[in-house]
2 protein chains.
Amino acid sequence: MNGFYENKDYGSLSEKVYRFLRDGIAEGRYQTGDCLIEMKIAEELGVSRTPVREALKQLELEDLVSSHPNRGVVVKSFTSEDLQDVSTIRHLLEGQAAFWAAQRVTDEQLKELREVVELMEFYTAKNDIVHLVALDTRFHELIYEASGSRTIRHILASLHHNIRKARQSSLTLPDRAPNSLAEHLSIYQAIERRDAQTAKEQMEAHVAVAAGNRMSD
Amino acid sequence: MNGFYENKDYGSLSEKVYRFLRDGIAEGRYQTGDCLIEMKIAEELGVSRTPVREALKQLELEDLVSSHPNRGVVVKSFTSEDLQDVSTIRHLLEGQAAFWAAQRVTDEQLKELREVVELMEFYTAKNDIVHLVALDTRFHELIYEASGSRTIRHILASLHHNIRKARQSSLTLPDRAPNSLAEHLSIYQAIERRDAQTAKEQMEAHVAVAAGNRMSD
DNA sequence: GATTGTATATTTGTATACAAACGCTTGTAT
DNA sequence: ATACAAGCGTTTGTATACAAATATACAATC
């Protein structure tokens with residue numbers, strides 16, 4: 001099958017279609033320039049056009065596809081310059097998120113962050129890349145959360161998908177894990193002692209390195 | 001009437017409904033916490049639920065409303081902290097946009113920018129606030145354009161609506177016009193001589209002041 | 001009196017039917 | 001042969017009908 005029904009079955013059909021298409025674009029199953037026809041997708045997935053339309057609308061607002069009126073939607077292209085720009089923007093925003101997180105983090109959030117870092121130490125020792133990637137994502141999400149800024153969370157979540165697509169061909173480099181751990185630890189420690197400026201600088205350095213060799217998410 | 005049919009009649013119905021609701025939220029016609037019921041809006045506007053759904057979906061993705069499953073969508077609240085955060089984020093991104101604009105601007109775009117600044121001089125002398133506000137918006141949009149970054153344009157356009165809503169009660173201060181002109185001129189000059197760092201700094205200063213007393217858009 | 005179960009109303013989620021717009025092909029006239 | 005127009009097929013845009021989910025009100029039972 002096409003994997004559609006293997007999705008978790010929580011969420012509405014629109015949600016499922018959305019995830020199916022979004023992942024399809026990120027994984028390259030839908031290529032740049034491909035035309036996404038509502039009817040075809042609906043038939044393939046065994047649903048009606050309505051949830052497909054909603055999914056396409058969402059993709060359009062996330063800038064992953066562009067809709068030509070009465071002509072269909074096509075998968076947008078991402079130049080390497082686009083990717084570069086997204087990295088820079090993420091650099092700016094992640095730094096600011098860390099800054100705010102240091103100022104606004106709650107004890108509960110700090111505890112969660114600490115746990116993530118400790119797990120990172122554990123899996124780094126075992127060189128377990130799969131878990132480390134998941135923990136990295138979790139670490140960053142916790143910081144967005146701790147920043148207390150709805151807007152920054154919103155923007156970074158939206159950028160996430162662009163990054164995924166842009167990154168489909170550039171592979172993860174595993175060797176960076178130990179360095180990555182040290183960086184995460186520095187960020188955590190700065191936040192723990194409420195040192196906003198340092199937290200920001202450490203995060204900027206971390207994102208800059210990650211952007212350079214495409215490791216963390 | 002409710003003003004819906006006074007909209008320009010280009011664009012689809014969904015577009016028109018979207019603009020109607022978005023402006024309604026920005027202008028306070030829909031208050032924080034209000035429930036937006038598809039059927040009611042559809043009846044009020046004399047359209048079916050389908051375009052209303054699309055409009056609500058878009059508003060949700062712009063973070064202006066939140067949708068509770070099977071309960072309806074409600075207009076989100078904006079705390080003063082949210083507004084503060086949006087200003088900071090805008091500060092960062094506008095600075096970066098100016099930086100890139102200085103590096104990437106085309107002669108054609110430079111000419112347009114110059115024309116806008118000259119018009120600003122003209123209307124500042126006449127103290128014509130209405131035209132100045134429009135020109136200010138135009139100036140910033142041209143810089144987004146010149147930055148060549150699709151992503152930054154996308155994010156800033158989206159923030160624009162949040163800012164509009166958050167700002168509904170804080171009025172425009174007219175006295176700043178002469179200072180504002182000088183700031184725009186400095187930014188333009190830095191871009192003209194391709195001085196990216198200065199363009200960025202000037203823009204950041206400009207946005208910071210504007211955020212402080214709510215003048216420019 | 002409090003709690004729980006059921007019926008009902010409200011609202012969203014999805015499917016389908018129909019209309020309008022656009023591109024493309026084909027046919028005809030010059 | 002080429003230019004232009006008419007017709008057809010494809011695809012989106014919109015309306016409507018129906019199904020599913022949830023809250024609410026009310027009654028029954030403990």
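The structure presented is a predicted model; accordingly, all values stated were derived computationally and were not measured. So that the names make sense, note that chain A is the first sequence line, chain B the second, and so on, each numbered from 1.
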> Give the rounded distance in Å between these two atoms: CD of B/E38 and C1' of C/dG13.
9 Å
> Using side-chain heavy atoms (C-beta onward) and a distance below 4.5 Å, is B/F99 in contact with B/E94?
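Side-chain contact under 4.5 Å: no.
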> Would you classify A/L56 as touching base, sugar-phosphate or nothing, given that sugar-phosphate means primed atoms plus P, OP1 and OP2, and contacts are heavy atoms under 4.0 Å?
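Here A/L56 touches no strand at all.
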> Not counting sequence neighbours, which residues clear side chain to side chain donor-acceptor pair (under 3.5 Å) with B/R104? List them please.
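Only A/D85 meet the side chain to side chain donor-acceptor pair (under 3.5 Å) criterion with B/R104.
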> For C/dG13, take OP1 and OP2 only and decide whether either is under 4.0 Å from a side-chain N or O of A/S14.
no
> To check you understand the geometry: which heavy-atom pair defines the closest contact between B/V73 and B/S67, and what is its length?
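B/V73 and B/S67 have their closest heavy atoms at CG1-CB, 3.6 Å.
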> Could you give the CG-to-C1' distance, from A/L13 to C/dA15, as a whole number of Å?
11 Å
> Do B/R150 and B/Y144 form a cation-pi contact, if we require the NZ or CZ to be under 6.0 Å from the six-membered ring centre and within 45 degrees of the ring's axis?
no
> Could you please name the option among D/dG13, D/dA15, C/dG13 that lies closest to any side-chain atom of B/R53?
C/dG13
> In whole angstrom, give the distance that lies between atom CD of A/E54 and atom P of C/dT12.
12 Å
> Write down the atom of A/L135, the atom of A/Y123, and the distance for their closest heavy-atom approach.
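Smallest interatomic distance, heavy atoms only, reads CD1-CD1, 3.7 Å.
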> Quick one: A/E15 CD to C/dT12 P, roughly how many Å, whole number?
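After rounding, the reported distance stands at 17 Å.
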> Is the closest basic N to carboxylate O distance between A/R138 and A/E112 below 4.0 Å?
yes
> How about B/H140 and B/H206: are their ring centres within less than 6.0 Å of each other?
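Distance test on ring centres: under 6.0 Å, yes.
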> Between C1' on D/dG13 and NZ on B/K16, what's the gap in Å once rounded to a whole number?
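Interatomic distance, NZ of B/K16 to C1' of D/dG13: 13 Å.
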> In whole angstroms, how far is the C1' atom of C/dA21 from the NE2 atom of A/H68?
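Distance check: A/H68 NE2 to C/dA21 C1' gives 16 Å.
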> I'd like a list of close polar pairs between nucleotides 16-25 of chain D and the protein, N/O only, cut-off under 3.5 Å.
from: D/dA21; atom 1: O3'; to: B/N70; atom 2: ND2; distance (Å): 3.3

> Starting at CD of B/E43 and ending at C1' of D/dA15, how long is that distance when rounded to a whole Å?
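Going from CD in B/E43 over to C1' in D/dA15 covers 14 Å.
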> Rounded to whole angstroms, how far apart are CD1 on B/I37 and P on C/dG13?
11 Å
